[in-house]
Engineer: 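My questions will all concern the structure given below.
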Amino acid sequence: MKNLLLRINDRLYMTCIWVAGLSVLGVALIIPWGIFARYVLGTGASWPEPTAILLMLIFTFIGAAASYRAGAHMSVAVVTDRLPQRQRHIAGIVAQLLMATICLFMTVWGTKLCLSTWNQFMSAIPTLRVGITYMPIPIGGLLTLVFVLEKLLLGDQSQRRVVRFDLVEENEGAA
């Protein structure tokens with residue numbers, strides 16, 4: 001059962017990486033197009049800026065979930081590094097429980113925000129509902145919550161092969 005859950009989370013992690021990466025690629029393509037259209041073609045479109053902002057939201061919240069699983073988030077460990085092993089372990093559990101609380105907050109209140117703004121439309125992109133633009137918040141919160149629960153129940157997974165791509169590259173270079 002543990003291996004099945006880890007494989008599912010590996011796929012979820014890779015999906016987060018791909019979604020975040022494609023979002024950054026989209027921003028990198030849309031912004032120059034908006035500049036080109038405005039200054040070279042002389043036709044400023046209204047959609048590039050809000051689309052780039054939406055893609056940046058997707059990158060931020062979905063990428064943060066992947067970053068959490070990879071152990072790549074910033075942390076201040078000045079105090080906890082000086083604690084005895086048992087107290088350090090307890091502090092780690094408390095930190096994970098606080099993180100789970102934040103994820104639940106993002107998921108619940110983000111969903112409420114999406115639902116309350118669902119019938120509003122963006123002025124720059126009239127076919128896009130405002131509720132859709134807020135969806136990265138609850139989705140990112142839920143994905144991060146999955147990875148928090150994984151860390152609490154199954155331990156730190158930041159050293160898995162799917163997460164540590166640098167280890168894969170080193171191994172491939174040795175062959």
Engineer: Identify, with sequence neighbours excluded, every residue that meets side-chain hydrogen bond (donor to acceptor under 3.5 Å, both in side chains) alongside Thr101.
Structural biologist: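 Applying side-chain hydrogen bond (donor to acceptor under 3.5 Å, both in side chains) to Thr101 gives none.
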
Engineer: Measure the CD-CG distance between Gln96 and Leu153 for me, rounded to the nearest 0.5 Å.
Structural biologist: 10.5 Å

Engineer: Is there a path of hydrophobic side-chain contacts, each under 4.5 Å between heavy atoms, that joins Leu57 and Trp18?
Structural biologist: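 Shared cluster, yes.
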
Engineer: Look only at the side chain of Thr133 and the backbone of Val130, and say whether a donor-acceptor pair between them is shorter than 3.5 Å.
Structural biologist: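 Answer holds: yes.
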
Engineer: Let's go through Leu12 and Phe147 carefully: what are the C-alpha distance in whole Å and the side-chain angles of both, what is the deciding distance for side-chain contact (heavy atoms from CB on, under 4.5 Å) to 0.1 Å, and is it a yes or a no?
Structural biologist: CA-CA 9 Å; Leu12 195 57; Phe147 295 140; 4.2 Å; yes

Engineer: Calculate, to the nearest 0.5 Å, the distance between atoms CG and CG belonging to Leu152 and Leu145 respectively.
Structural biologist: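 Answer for the CG-CG pair, Leu152 versus Leu145, is 9.5 Å.
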
Engineer: Do Phe105 and Val146 land in one hydrophobic cluster if side-chain heavy atoms of ILVMFWY residues count as linked below 4.5 Å?
Structural biologist: no

Engineer: Please check this pair: side chain of Arg88 against backbone of Asp81, looking for a donor-acceptor N/O pair closer than 3.5 Å.
Structural biologist: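 Here the side-chain-to-backbone pair exists.
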
Engineer: Could you grab the distance from atom CD1 of Ile102 to atom CG of Leu97, nearest 0.5 Å is fine?
Structural biologist: 11.5 Å

Engineer: Applying the salt bridge (Lys or Arg N to Asp or Glu O under 4.0 Å) test to Glu150, which of Arg7, Arg160, Arg69, Lys2 qualifies?
Structural biologist: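 Output: one option passes, namely Arg69.
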
Engineer: Check for me, please, whether Met99 and Ile93 land in the same ILVMFWY cluster - side-chain distances under 4.5 Å, paths through other members count.
Structural biologist: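 Looking at the clustering, Ile93 is in the same group as Met99.
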
Engineer: Between Thr51 and Trp47 (side chain of the first, backbone of the second, donor and acceptor by atom type, cut-off under 3.5 Å), is there such a pair?
Structural biologist: yes

